Each structure stands twice: as C-alpha cells, then as structure tokens.
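Written below as structure tokens is the structure these notes are about.
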Amino acid sequence: MNIFDQYLDKIKKILLDLSSNDGLILPDSLDGITAEIPPSKFDSDISTNVAMVLSKINKKSPTDLASVLADALKKNDTLIENISVINPGFINIKFKSIFWTNFVKEIINHAKTFGINTKEKKNNYLIEFVSANPTGPLHVGHCRGAILGDVITNVLSFNKHRVTKEYYVNDYGNQIINFTKSVYFRIREKTFSEPFPSDNEDLYPGDYLIDFAQNIINSNKKMDFEDFNKISGELTALSIEEALKLIKDNLNSLGIKHDNFISEKKLVSNHEVEKVIDFLQKNKFVYKGKIKAPASEDDDNWVEREQLLFRSTDFGDDKDRALQKSDGAWTYFASDVAYHKNKLDRKFDYLINILGADHAGYIKRISSSVDALSNSKGKLICKVSQLVKLIKDKKPFKMSKRKGDYITVDDLINEVGKDATRFIMLNRSSDVELDFDFDNVIEKSKENPLYYVQYCYARIASVFRHLDRDLKSDIQINNYDFSYSNEEIVILKKISEWPKCIDAASNKLEPHRIPTYLYELASLFHSYWNLGKENPEKRFINVEKKITDDKLIFLKMISNVIKSGMDIVGVSTPEKM
RNA sequence: GCGCUUGUAGCUCAACUGGAUAGAGUGCCUGACUUCGGAUCAGGAGGUUCUAGGUUCGACUCCUAGCAGGCGCACCA
C-alpha cells in the first residue's frame, strides 16, 4: 500500500480525463510527474509537481493549472480534507483523519507485505559478492562488501525478486601455489621441526596457517609430506578446503550464507575458458598484440611481449587486457570472463557484482567483456563498497598485510557483535568511506543508531508486557476509530514513506536508506513517547480501555515496520535490552 | 599522467531517480527522571552544498572545465 503511487495514479487518471474533455495537452510520457513528501513546514501529507511539469506545454501559469487540477482532485475524493496550491505551483493534499484510520487498518491486516512494491516487474538476479581468495580468514576489508551484498539480497527478496547469492572461489593461479607452499612449510615445521622460512616474501605469514597445517596432518595420517611435488595437487585441495571452511565460518558469524560457490579451477578444467575465448576470437574481440607499460611502472623494468589480448578499448577501457600469461596459463581476467559467460548462460535478468574500492578499476574490463559476450544486453551492475577506516581511542589504526596481523571478521564480531557490525557498516552510503569507531559502536546511547532503533522496539514491547499482551502475536481490530493528534500524524506520514524507502533501496541498490529511515522513525517515536512524561493523557496505557486499545494498534503498526526493516538489515529486535 | 570515486554545519553523515526556506547526530550552551524503560526527550547557536560556467519553470542532484582528498592503473588475484 503505497499512498504516493495511489495518488499518482489518481492524478494521471484525472489528467487523461481533462485531456479528452477539456483540451489539456499532455506530453508523450507522464514520467516526470511525481507524488512526493512535502517539507514538514507545510501542513500537508502528499504533494505533486504535476502543474509545473505541464505548464509550459499548455502555455498556462503553473498556479492557474494547479488550481484546475486541485479542484478536479478534490471533487472525486472524499478523504481529502483540504488541498492547496503553493508557489511555484505545487499542489499539496491534506487528508482527513479517517484516511489514516483506514491506512492503519490496512497495514495491520497486511503486516507482512506492507512496503512491497506490487506493481513492478519481478526480476531474477544473480549477485556475486565477497569472493575473497581462499587463502585465509576474512578481514575487515571484506566485511562491508559482504554485508552490502547480503542486505541488497534481503531488500530485493523482500520486494519479491528472485536472488541467487554466489561466491566465486579463486582457487587457480599463483596465489594459490604460494598459499599451498606456505601450508606445506607449516606442515614441515610440525612434522620435521624445520623453521618456517621468514625471508620468503611470497609466502603467507599468518598464524592461522599453523592451524590449517595441524588439521591437515590430523586428518591425513597416511600422507607422506616429504616430497612437495608428489603431494602438491592433493595438498592444494586440502589447503583450499581449510581456508574455505574458515571463510564460511566467518560469513556465518556475520549471518551470511551464499547459495553457490563457483570454483575458478573447475571453469578452467572444464575448458570453459578456451570456449569463451574461441567465441570472442570468432567475433574479432581477441587478437595477438602488445600492451604498453603502465604509468606506475618504470619503463626500464617493463618487457613488452606479444600476447593474447581482449579488445576492451572497443568498449571504452583504457587499454586492451591480457588473457594469457607467458607460461600459457590463463590470467585471472580470462577465467573471470569465462565465469561471466557462465553467468550469462544461466539467463538472469540482472547480474550484480559487489566489489571493494581497490577493485573499482576492474569494472570497465569485466563489463566490456559482458558487453562483448552478450551483444551489450548483459545488464551487469557493479557496485563498489568504499573503504572502512577503523578507529579506536579516537585514532585510526592501520592493518598491515605483510606481517599477517590484520583485523579479522572474527576479531570484529568478538569485540562488537554481529548486529552492531551489520547496522553500522550499512548506515552510510556505500559510496563514501566509513569511519568504524569501536568505542562508538559498542556505546549504548543515541550516538549508536543500532541501540536507538532497538530501544524503540523494546519500549513498545514493554507497553505490551505491562498489559500482559504479546507484541509478536496478531492484534485484533474491532471498532477502531482513533482520532489522531498532530504527533501521531507525523508518525503516520513517516510510516507512509516506508514503501518509498524500500523502492529506492531496491531500485538503486542502496540499502543504507533502510537504517537511515529506521533511525528517523525511531526518533519520532521517542519524542512521542516522552510526551507522556509531562502529560499523563498522552500515555499509551490509559484509564479508558478503548483508548488503550486504539493506541496499542498504533504502536503495533510502528513495531511492524521497525521489525520489517531490522529483518532486512539482518539484526535482532530484542523485547528487553 | 590516465581512469573511477568523494567533496554539504567545527566533526561524522542524510537529502525520496531534478522540487519548495538543505536535514540528523556529535561537539558547544540551557532545561526535563515520584515515568508505559533517562540506552530517552525539549530548546538555542551553527550553511555562498569545493570553485567557475551551462541546461531547466526549478540544481546538492544533470553537463563542461578546474581545485582538493581517496582508490586504482600487472602476465598478481
């Protein structure tokens, strides 16, 4: 039930009517006409820009046109209390109290579906996110993208789209060889008491490898660890398995579960890379050539080679991109092209990739390949999540990968918990860098938006508790005819924005709008609550049972929306804190 | 140098796919607990939305150019 959509439809209907009967001229598309939330200083519930959009084409002043439209609107709607035309030509509509009574009933009766866009086409999405190398635990850098992807999925699913969550496992290439060697040296450290080589920069230094090594030794008692070359294949598989187990644990503690894990190695061994390159070759997107040294590299160190290149410059990229290494192995990009071909073949309406800021430069390349593979019909959307700056004791602290002492997802969850991590990571637009202040995140005050919103829900729960009612169970509406105060109307207006918030979050893939909205709603609620301190009549539990019952329905409506939103964000709504 | 991205109150950020007098928190100042939960609330002060042009009835939002910060610019992944 989106009242803005409802009234937009009404307005358009009236326009068509006026156009056929009174000579109103309409443009080809009515898309520019909107129904919006008026600024709070106006005593009004919905506003529309219709008169300003149509004034030029009709050669009339916006205000004159607005008066005509306002009259027509008022005439066929008994729920409008008054309608006003305000410069530069907005039409503002104010509803009668009965409108809101109906509204509340509607939401209470359709608690589970309020906010869902019932008009739009439902799509089938594939979202790829996290996809961190299977060489160790997830760290803070992965965390934001992980949560972003998960909550985008939740928003889309809430809006009845179909979404498949996928993790691309980079289990092929040099990094994996180095990683496996590192595990091997840790095994030798244990079985042959040889020290781990500290001078080899290619090896992974992290302590977690010691656990990997021990686990592999324990569960492979018969394995002979003497000669690396004899066991490298098997050991690679075992090492990756260990890493993936750890990563899945990390994701699980963030509350994230992917539907599929797609192995790069399998794509390679199934010859999907060759096939896709054949295809590109036939369509003249691939050639043998040389690329120039990157600007960051000294020309002296750069060796120009002839190699297999993809014409990404045809699609706006800076340079063509290498597909094959000098040793004949595929580049990461080549197998990723195969992976995207694989995605395209599965016929999704949209492909979404969530990338970290440090991979943003990769977008042109991969979207070029999708364009080449799909004749520019691939509908790939890349979403970048900016860096997270960790702050403790008012100071930023950096993590250094070299020493292996970076902050892991585990560290984060242990310190601040899953709920706070999710809510705070999501509270800002993914386009801006995020300050993640440890002291702030665990603080229990208004400064911490998670608690502020949860507290709102807990307060409502406490009212129900006082009356021996259960907030979670359904509430009955019999003769409900609440006469709303101004404070209540303000809250109702905010509630009516919820479908708009979901729409924006869903269409623009901007889930931060949800925590922002919930915070605003909670803020209005806390003000409303405090009215009861000075004026006992404003309290929810009233001597008159009818008033108490009506107010409970009102509170139930608020808690429904809070609960919906918190579920999408993926955090709890405790009834006591 | 090139590409992407950000620039809004002292600080951290919002602003509904171009709407009206740009909003919150924090910090600073002042006030409210015998209460349905003070993890809260009320009030005050704080702005040339980086700059210069352009498009538009209307620009924080779109376009062009510049300035400043961040990220990236491999046969790595």
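On a predicted model such as this, the values are computed, not experimentally measured, just so you know. Letters A, B, ... are given to chains in the order of the sequence lines, protein chains preceding strands, and every chain is numbered from 1.
- For Gln386(A), counting side-chain heavy atoms from C-beta on, the closest listed nucleotide (U5(B), A77(B), C36(B)) is U5(B).
- Here the closest heavy-atom approach between residue Val571(A) and residue Arg422(A) is recorded as CG1-CB, 4.0 Å.
- Judged by Watson-Crick or G-U wobble contacts below 3.5 Å, the nucleotide A65(B) has U51(B) as its partner.
- Across all strands shown, Ser462(A) has heavy atoms under 4.0 Å from base atoms, whether or not it also approaches the sugar-phosphate.
- Residue ring and base: Tyr519(A) does not count as stacked with A24(B) (centre distance below 5.5 Å and interplanar angle below 30° not both satisfied).
- Using a 4.0 Å cut-off on heavy atoms, the residues of residues 419-429 of chain A that approach RNA chain B are Arg428(A), Ser429(A), listed by number.
- Asn530(A) contributes a side-chain N or O that forms a donor-acceptor pair with the base of U40(B) under 3.5 Å.
- The residue Asp437(A) sits apart from the nucleic acid: no heavy atom pair falls under 4.0 Å.
- Looking at heavy-atom distances under 4.0 Å, Ile291(A) makes contact with sugar-phosphate atoms alone, never a base.
- Sorted by residue number, the members of residues 532-556 of chain A with any non-hydrogen atom under 4.0 Å from RNA chain B read Lys533(A), Arg539(A), Phe540(A), Ile541(A).
- One finds no side-chain N or O of Lys500(A) lying less than 4.0 angstrom from the OP1 or OP2 phosphate oxygen of C16(B).
- Classification of Lys119(A) and Asp9(A) as a salt-bridged pair holds, one side-chain N sitting under 4.0 Å from a carboxylate O.
- At whole-Å resolution of the value, CD in Glu36(A) and P in A15(B) are 15 Å apart.
- Contact check, Arg365(A) against G3(B): no side-chain N or O comes under 4.0 Å of OP1 or OP2.
- Among the nucleotides G19(B), U12(B), C36(B), the one closest to the side chain of Val53(A) is G19(B).
- The P atoms of C63(B) and C4(B) are separated by 12 Å, rounded to the nearest whole Å.
- Nucleic acid contact class of Glu575(A) (heavy atoms, under 4.0 Å, all strands): base.
- Looking at Asn178(A), its side chain has no donor and acceptor atom pair within 3.5 Å of the base of A77(B).
- Between Phe315(A) and Phe310(A), the ring planes lie parallel to each other; the angle is under 30°, not in the 30° to 60° tilted range.
- Between the C1' atoms of G31(B) and G70(B), the separation comes to 43 Å (whole Å).
- The pairing partner recorded for C13(B) is G23(B), the criterion being a Watson-Crick or G-U wobble arrangement whose two distances lie under 3.5 angstrom.
- Residues Ala357(A) and Lys389(A) each lie close to RNA chain B; by heavy-atom proximity, the contact nearer the 5' end of the strand is made by Lys389(A).
- Within 6.0 Å of the NZ atom in Lys181(A), the count of heavy atoms belonging to other residues, nucleotides or ligands does not exceed 12.
- Annotation: side chain of Cys456(A) is in contact with side chain of His526(A) (closest heavy-atom distance under 4.5 Å).
- Taking every side-chain heavy atom of Tyr455(A) into account, G38(B) is the closest of C41(B), A14(B), G38(B).
- At most 12 non-hydrogen atoms from other residues, nucleotides or ligands lie less than 6.0 angstrom from NZ of Lys545(A).
- Both distances falling under 3.5 Å, in either a Watson-Crick or a G-U wobble arrangement, occur for no nucleotide opposite G58(B).
- For the OP1/OP2 pair of G37(B) and a distance below 4.0 Å, the side-chain nitrogens and oxygens of His466(A) include at least one atom meeting the criterion.
- Nearest to the side chain of Asn92(A), among A15(B), A20(B), A39(B), sits A20(B).
- Taking a 6.0 Å sphere around CD of Glu534(A), one finds it holds 12 or fewer heavy atoms contributed by other residues, nucleotides or ligands.
- The phosphate of G38(B) has OP1 or OP2 within less than 4.0 Å of a side-chain N or O from Trp529(A).
- Checked against the 6.0 Å centroid threshold, Phe438(A) and Phe436(A) count as a close aromatic pair.
- Across all strands shown, Leu387(A) has heavy atoms under 4.0 Å from sugar-phosphate atoms exclusively, and none from any base.
- His512(A) comes within 4.0 angstrom of sugar-phosphate atoms only, judged by non-hydrogen atoms across all strands, and of no base.
- Aromatic ring centroids of Phe525(A) and Tyr455(A) lie 6.0 Å or more apart.
- With a cut-off of 3.5 Å on both pairing distances, the Watson-Crick or G-U wobble partner of A42(B) is U30(B).
- Rounded to whole Å, the separation between the C1' atoms of G72(B) and C76(B) comes to 14 Å.
- With salt bridges taken as basic N to acidic carboxylate O contacts below 4.0 Å, none links Asp318(A) and Lys364(A).
- Backbone-only contact: Ser527(A) has heavy atoms under 4.0 Å from sugar-phosphate atoms and none from a base.
- Within the nucleic acid shown, Tyr452(A) comes within 4.0 Å of sugar-phosphate atoms alone, with no base atom in reach, counting heavy atoms only.
- Of all the heavy atoms in Leu246(A) and Gly136(A), the pair that sits closest is CD2-C, 4.4 Å.
- You'll find a donor-acceptor pair under 3.5 Å spanning the side chain of Asn49(A) and the base of G19(B), going by distance alone.
- The residue among Asp318(A) and Asp358(A) whose nearest nucleotide of RNA chain B is located toward the 5' end is Asp318(A).
- At the phosphate of G3(B), neither OP1 nor OP2 sits under 4.0 Å from any side-chain N or O atom of Lys364(A).
- The aromatic rings of Tyr362(A) and Tyr332(A) lie tilted to each other, with the angle between the two planes from 30° to 60°.
- At the heavy-atom level, Pro39(A) lies under 4.0 Å from base atoms of the strands shown.
- The side-chain tip of Lys551(A) does not point at the ring of Phe540(A) from less than 6.0 angstrom away and within 45° of straight on.
- Base engagement by Ala458(A) is indicated by at least one non-hydrogen atom pair under 4.0 Å involving a base atom.
- Within the 4.0 angstrom heavy-atom criterion, base atoms lie near Pro38(A).
- Comparing the P positions of A14(B) and C62(B) gives a spacing of 15 Å, expressed to the nearest Å.
- When the C1' atom is used for both G23(B) and U51(B), the distance is 24 Å, rounded to whole Å.
- The cationic group of Arg311(A) lies under 6.0 Å from the six-membered ring centre of Tyr287(A) and within 45° of the ring axis, placing it in a cation-pi geometry.
- When the C1' atom is used for both G27(B) and G69(B), the distance is 24 Å, rounded to whole Å.
- For A59(B) and U8(B), the C1' atoms lie 14 Å apart once the distance is rounded to whole Å.
- Close to A77(B), at under 4.0 Å from its OP1 or OP2, lies a side-chain N or O of Lys325(A).
- The C1' atoms of U40(B) and G25(B) are separated by 15 Å, rounded to the nearest whole Å.
- Checking C4(B) for Watson-Crick or G-U wobble geometry (two distances, each under 3.5 Å) identifies G70(B) as its partner.
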